[in-house]
Each structure stands twice: as structure tokens, then as C-alpha cells.
Amino acid sequence: MRLMHSEKNSSSFRILQFTDLHLRTWPLDEADQQTLQMIQAMSKKEQPDLILFTGDIVWSTIADAPLAIFQEFIDFCNTLEFPIALTYGNHDSNHPAITRGMLRQKETDIKSLAEKKCSLIANDRESYVLEIYNSNQLKIEQLLFIIDSGEYTDSPYSRYDWILPEQIEWFKTTARYYHKHSAVKSAYSFLHIPLQEFMEAYQVNRPINSVVGELRVDSPEINTGFFAALLFDPITKGVFAGHNHDNNFQTNYLGLEVVFGQVSGYGAISQNRRGARLIILEEQQLQTSILYGENYF
């Protein structure tokens with residue numbers, strides 16, 4: 001499905017970012033059902049141009065039937081009347097019976113799956129581009145780079161996967177292609193596991209975070225330079241992540257917006273209220289806000 005600005009509001013594009021659903025029971029228990037009910041109610045009220053799930057959809061680490069849960073999620077997505085895109089987190093395939101490739105195969109059953117461009121699969125992790133057209137579909141206005149940031153690693157140097165050098169080179173090459181062949185004005189990246197620079201941004205700027213106290217950013221210990229690649233790209237304006245359930249801050253660091261989503265899963269472990277982040281993309285502007293689930297029931 002091609003993404004485009006709506007005719008009603010051709011100057012902006014609305015994204016609902018849901019993250020860390022942590023669906024974990026089969027059949028779905030009350031908490032998991034509440035998560036899906038919130039997504040449905042919020043989507044119906046907000047009428048997004050795109051619903052974007054940024055990882056840890058299924059808590060495969062503890063689930064008895066993770067593939068059945070993921071199929072339930074796919075079936076649920078087919079009740080939503082909006083374009084959908086997704087990437088995966090450290091828990092989605094953290095199970096001996098599951099691979100990323102199996103999940104990607106199932107996701108093709110989503111009827112309103114957003115059209116992927118320039119897909120790269122490296123180490124069973126997919127990176128791709130979503131093109132956002134203007135309302136008459138004649139030109140690309142914005143790009144979304146969707147990056148699978150991986151899961152756990154056996155490396156003695158890092159608990160979590162790092163952004164692969166192949167992914168960074170893919171980003172640079174793909175961005176250059178769009179610079180040359182389109183008049184796209186802005187780009188944003190979405191991934192699950194935050195980059196090390198998220199913590200740096202917090203330490204420098206001390207933005208408001210809804211959960212007070214000592215803040216953690218669980219990034220890979222190995223920094224392969226993806227933030228620098230984003231920073232030096234002339235049209236990239238920001239990067240979004242999930243993963244840390246108690247984090248939802250947004251701040252500008254070195255000229256890039258650094259943004260956590262809002263934990264969405266009622267079965268996830270968190271002190272945070274459940275909800276989503278509403279992202280409004282305009283030609284040269286970014287607006288975001290936190291939406292809380294209790295306001296939609």
C-alpha cells in the first residue's frame with residue numbers, strides 16, 4: 001500500500017507509533033486483549049495515515065505459543081483500516097522455534113501493509129524505506145527508514161545487537177539515491193533498540209521523562225556509527241526508538257530529534273502509563289505528543 005498525505009490535510013502526515021506490546025499469552029489474556037483494544041480505539045479516534053509498530057510485538061522469550069500469538073496479531077491488524085508497518089525487537093524472535101524470516105513471511109498477510117522500498121536483509125534483519133507521497137501522489141515528500149536493530153547477542157562485548165555496518169552503508173547509499181532522484185524534503189529513522197546517543201542526549205539536555213528517578217538507556221555497548229550517518233545526512237531530522245518501557249523523552253541533540261515511543265503493552269513490565277506517540281510530519285517540521293490509553297476506553 002502506497003503512503004500519501006490525506007486530501008483533508010495535505011500539509012501533514014500522521015503516524016501512530018506503538019511500541020513494546022509484549023503480547024505473551026495464548027489465548028490472549030485480559031492484559032493482552034486490553035492492548036489490542038487500546039490500539040483499535042486509538043486508531044479509530046486519531047485516524048492516522050500510518051500505524052507503525054516498533055518492535056517487541058510478541059514476548060517470545062516467555063511465551064508458550066509465540067507464533068500463534070503473532071498470527072493473532074496479524075489477524076488483528078487486518079481489522080484496522082489504516083496502512084501498517086512494523087519492525088522487530090529483541091524479544092520477537094528470542095525463541096528456539098522462531099526466526100525473523102518466519103515473522104516477515106507472516107507479516108505479508110497484512111492486507112494494508114505499507115509498500116516497502118529498497119529492502120535489505122542482513123543477518124536475518126530487514127531494513128527498508130517507506131515513501132510518503134503528496135496527496136496527488138506525484139512526488140515524494142518524506143522518507144521513513146525502518147531499521148531492524150536486532151535482538152540479543154552472544155558476543156562478550158555487548159548484550160544487545162548493534163546496527164550492522166551493512167545497514168549503515170545501505171542507509172548512506174539509499175539516502176544518496178533519493179537525494180539525486182527526488183525532491184524529498186525530510187527523513188526519519190525508526191528502530192527498536194536505542195542508540196548510545198540517546199543516553200548522551202539525555203545527559204546533556206535532561207529532557208522531561210514521565211517516569212522519574214534514575215534513567216536507563218539499554219543500548220548496545222558497541223557503537224558502529226549509525227547516529228553519525230544520520231547526523232551527516234542533509235535531510236534526516238530525527239530518530240525514534242522503543243525498548244526502554246519507562247522512557248518517553250524527546251530532545252534535540254546535535255540537530256537531530258531523539259525520541260522514545262510510549263510503551264503500549266499492558267502486559268509489559270513498566271511504571272509508565274500505556275499509550276502511543278502521535279507523530280505529525282510537515283514539510284520542514286516535526287510535532288509529536290504522547291497519547292494515553294485510558295483516554296480511549
Side-chain angles (χ1 to χ4, degrees), residues 3 5 11-20 46 48-55 85 87 89 127 129-132 140-147 149 163 167-168 171-172 174-175 178-179 184-211 215-220 223 225-264 272 275-291:
L3 301 178
H5 290 242
S11 64
S12 65
F13 187 86
R14 295 164 60 87
I15 302 169
L16 270 180
Q17 179 198 5
F18 295 101
T19 195
D20 296 271
E46 298 299 331
D49 299 304
L50 174 67
I51 296 172
L52 181 53
F53 296 99
T54 51
T87 188
S127 304
V129 174
L130 298 178
E131 300 172 340
I132 302 174
I140 302 170
E141 294 281 354
Q142 288 109 0
L143 299 174
L144 306 181
F145 287 85
I146 312 299
I147 313 291
S149 54
I163 302 299
Q167 291 175 298
I168 298 173
F171 170 79
K172 293 177 180 178
T174 305
Y178 280 101
H179 299 162
V184 63
K185 298 180 174 64
S186 58
Y188 300 87
S189 288
F190 290 82
L191 66 168
H192 180 73
I193 300 174
L195 306 171
Q196 287 185 11
E197 286 81 2
F198 276 65
M199 189 63 182
E200 293 176 15
Y202 180 79
Q203 291 173 331
V204 169
N205 295 336
R206 295 290 174 178
I208 295 172
N209 195 67
S210 64
V211 177
L215 184 138
R216 287 173 43 189
V217 174
D218 293 313
S219 302
N223 190 336
F226 186 49
F227 189 86
L230 297 175
L231 188 64
F232 295 136
D233 178 62
I235 63 170
T236 291
K237 307 297 183 185
V239 56
F240 294 77
H243 189 53
N244 284 101
H245 303 172
D246 288 343
N247 295 353
N248 64 359
F249 69 78
Q250 174 178 350
T251 190
N252 188 285
Y253 182 56
L254 302 179
L256 287 183
E257 289 298 312
V258 174
V259 192
F260 270 106
Q262 180 74 19
V263 61
S264 304
N272 220 336
R277 184 173 284 280
L278 175 63
I279 303 163
I280 302 177
L281 306 181
E282 298 179 340
E283 185 172 312
Q284 293 291 345
Q285 281 189 313
L286 169 70
Q287 299 180 43
T288 86
S289 58
I290 298 295
L291 307 180

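Legend: residues meeting ring pair (Phe, Tyr, Trp, His ring centres under 6.0 Å) with Phe190, ordered by chain and number and at least two apart, are Phe240. Legend: residues meeting side-chain contact (heavy atoms from CB on, under 4.5 Å) with Ser219, ordered by chain and number and at least two apart, are Pro194, Gln196, Val217. Residues that satisfy the side-chain contact (heavy atoms from CB on, under 4.5 Å) test with Gln287, not counting sequence neighbours, are Ile280, Glu282.
At least one side-chain heavy atom of Thr288 sits less than 4.5 Å from a side-chain heavy atom of Gln250. In this structure the side chain of Ile279 reaches within 4.5 angstrom of the side chain of Gln17, judged on heavy atoms. Between Pro48 and Ile15 there is no side-chain heavy-atom pair separated by less than 4.5 Å. No side-chain heavy atom of Ile132 sits less than 4.5 Å from a side-chain heavy atom of Ile140.
Between Tyr253 and Phe227, the two ring planes are tilted [angle within 30° to 60°]. Relative ring orientation between Tyr202 and Phe249 is described as tilted, the plane-to-plane angle lying within the 30° to 60° band.
Ring to ring, Phe226 and Phe171 are close: their centroids are under 6.0 angstrom apart.
A side-chain donor-acceptor contact under 3.5 Å links Asn248 to the backbone of Ser210. Between the side chain of Asp20 and the main chain of His243, a donor-acceptor pair closer than 3.5 Å is present. Asn252 places a side-chain N or O within 3.5 Å of a backbone atom of Gly255 that can act as its donor or acceptor partner.
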request  = List the steps, then state whether side-chain contact (heavy atoms from CB on, under 4.5 Å) holds for Leu231 with Glu197.
outcome  = CA-CA 11 Å; Leu231 188 64; Glu197 286 81 2; over 6 Å; no
